[in-house]
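All remarks here apply to the structure that follows.
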Protein chains: 2
Amino acid sequence: MSSPSSALALQRVALEQFSLVGFGGASLGSIAQAAGLSKSSVLYHYASKEALLAAAIEPAIDALAQVVESYPYGGDRAEHDRFVERFIDFLLEHRLAVHLFVNQGQVLGTIPAVQRANDLMHRFSETVAERMPSIEDRIRFGVAIGGAAYILVAAANWSDEGEPTPAEAADARAALIDTVASLLRHPEPAH
Amino acid sequence: MSSPSSALALQRVALEQFSLVGFGGASLGSIAQAAGLSKSSVLYHYASKEALLAAAIEPAIDALAQVVESYPYGGDRAEHDRFVERFIDFLLEHRLAVHLFVNQGQVLGTIPAVQRANDLMHRFSETVAERMPSIEDRIRFGVAIGGAAYILVAAANWSDEGEPTPAEAADARAALIDTVASLLRHPEPAH
DNA sequence: AGTCTAACTGTCCGATCGGTCAGGACAACA
DNA sequence: TGTTGTCCTGACCGATCGGACAGTTAGACT
């Protein structure tokens, strides 16, 4: 706690590496090098590789818990849309962590922090599924979650432009909110 | 080529491991063990770990090239919907490979086969973007691709039921086609 | 019988892995 | 001037990594 800046920078670097090449693919050496430290120094701050992962994703898990808790069970559509907005902002702020436990959640299930994230997503899915129990709506839910999580980290891959102008970022946020909201919205009873 | 069954089984096992724990996280030893072979035997069939990866995803890349090629540039909506159907079937058949080069495409860009997959996705994005150049529609495109690729491999994580009944699978396919089609459909000019 | 080849394996190698440990640098406090 | 505690490091450990290589088995062909 005494020099939080270096510790936070280390968590950020570790998160980037873990989400980029996977937990097993990222080495403590490469993380340390990217952070400008020695491997020993990393292990001084965090007892193990798993502890580093847990510390790196913990803020995101706390935020996720808060978002899931705020689901408007009996709310109207405006309230539901506000919930989606909170959810998207959570995704935007914790892109890397979300990408990590979305894509490696099952294989890292032994790590308590990841397990907690899995439980949260499970509960989230169940909560939403209570309102939309059909396969179609489960698909829409999954596409919304996975698609949003994906586009925030990997989309830059095969798009032309490099930098995301602040104005463009705002547009992207609005578009993402719109898209996810339409996916999570209760569809008309049937056609 | 003389005993294709074992070679194909090896590719399938390798693909599962690569998409599950990442290319760097999967070891030749674990792949060999899962396939019931020795590590040496794996390296007899494929010159290197990268060669194994390339061979494992090559069929998926070929199929992707075919799908991208079949994009209906001047087609009507029915033709466009048929294209989406082909695309979803491609995703369903090559789930693991898609998940692999969607989530690890950038970091594995040095491998020629992955590079080809990246180029194809890039061209795919450009092709679709020609019709839908706005940020909103790019987002919708990304959510559709990423969401579909995601739900096919990771959704089982936080859903209750275990097995996907054949009838449920058909329903899921239909729902996925419907969802992606609506995302990729040209939206009304503006509201 | 001998020959050839495909499929497979165990052994070995250098490099790298996660992790331990003893100690150095340095500011704060006595 | 010690002394203490934080931050950081290089050296080292056993295990595992990707890969090279020599050799074995078994079936097909002559």
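What you see is a predicted model, and the numbers here were worked out from it, not measured in a lab. Proteins get letters first, then strands, A, B, ... in listed order; numbering begins at 1 in each.
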* Asked: Distance check: side-chain N/O of B:His45 vs OP1/OP2 of C:dA6, anything under 4.0 Å?
  -> no
* Asked: How close do A:Gly105 and A:Val114 get, heavy atom to heavy atom, and via which atoms?
  -> O-CG1, 3.7 Å
* Determine whether the side chains of B:Glu136 and B:Ser134 contain a donor N or O and an acceptor N or O closer than 3.5 Å. => yes
* Just do the side chain to side chain contact (heavy atoms under 4.5 Å, CB included) check on A:Leu183 and B:Leu183 with the steps written out, would you? => CA-CA 9 Å; A:Leu183 280 174; B:Leu183 281 174; 4.3 Å; yes
Could you go through nucleotides 22-27 of chain C and list every protein N or O atom that sits under 3.5 Å from one of its N or O atoms, giving the distance for each pair?
none

* Structure fact -> Taken in chain and number order and not counting sequence neighbours, the residues that satisfy ring pair (Phe, Tyr, Trp, His ring centres under 6.0 Å) with B:Phe83 are B:Tyr71, B:Phe124
* To do: Answer yes when B:Arg138 and A:Asp171 have at least one side-chain N-carboxylate O distance shorter than 4.0 Å, and no when they do not.
  => no
* Is B:Asp81 salt-bridged to B:Arg77, going by a charged N under 4.0 Å from an acidic O? -> yes
* Taking every non-hydrogen atom, the tightest pair across B:Ala117 and B:Leu64 -> O-CD2, 4.3 Å
* Rounded to 10°, tell me the angle between the two end axes of the helix from C:dA1-D:dT30 to C:dC29-D:dG2, each built from five pairs. => 10°
* Structure fact -> Under a 4.0 Å heavy-atom cutoff, the residues of residues 34-44 of chain A touching DNA chain D are A:Leu37, A:Ser38, A:Ser40, A:Ser41, A:Tyr44
* What is the distance, rounded to the nearest whole Å, between atom CD1 of B:Ile31 and atom P of D:dC17? -> 11 Å
* **d(CG, A:Leu8; C1', D:dC7) in whole Å** => 16 Å
* Taking the side chain as every heavy atom from C-beta outward, state whether B:Ile57 and B:Phe18 have any pair of such atoms under 4.5 Å apart. => no
* Taking atom types as modelled and ignoring hydrogens, do the side chains of A:Asn103 and A:His99 form a donor-acceptor contact shorter than 3.5 angstrom? -> yes
* To do: Output, in order, the C-alpha distance, side-chain angles, deciding distance and verdict of side chain to side chain contact (heavy atoms under 4.5 Å, CB included) for A:Asp137 and A:Leu184.
  => CA-CA 8 Å; A:Asp137 298 329; A:Leu184 291 189; over 6 Å; no
* To do: Could you check which residues of residues 47-61 of chain A get a heavy atom under 4.0 Å from DNA chain C? Sort them by number, please.
  => A:Ser48, A:Lys49
* **Exercise: identify the closest heavy-atom pair between B:Lys49 and B:Phe23** => NZ-O, 2.8 Å
* **Between C1' of D:dC17 and CZ of B:Phe23, the distance in whole Å** => 12 Å
* **Exceeds 12 heavy-atom contacts within 6.0 angstrom, atom CD of B:Glu79** => yes
Pairs under 3.5 Å (N/O, protein and nucleotides 24-28 of chain D):
none

* Do B:Arg173 and B:Asp178 sit within salt-bridge range, that is, some charged N less than 4.0 Å from a carboxylate O? -> no
* Please walk me through it: do B:Ser41 and B:Ser38 pass side chain to side chain donor-acceptor pair (under 3.5 Å)? -> CA-CA 5 Å; B:Ser41 196; B:Ser38 69; 4.8 Å; no
* Could you state the OH-P distance from B:Tyr46 to D:dG18, rounded to the nearest angstrom? -> 16 Å
* Below 6.0 angstrom between ring centroids: does that apply to B:Tyr150 and A:Tyr150? -> no
* **Nucleotide D:dA20, atom P - distance to CG of B:Leu28 in whole Å** => 11 Å
* **Presence of salt bridge, A:Glu16 and A:Arg12, under 4.0 angstrom** => yes
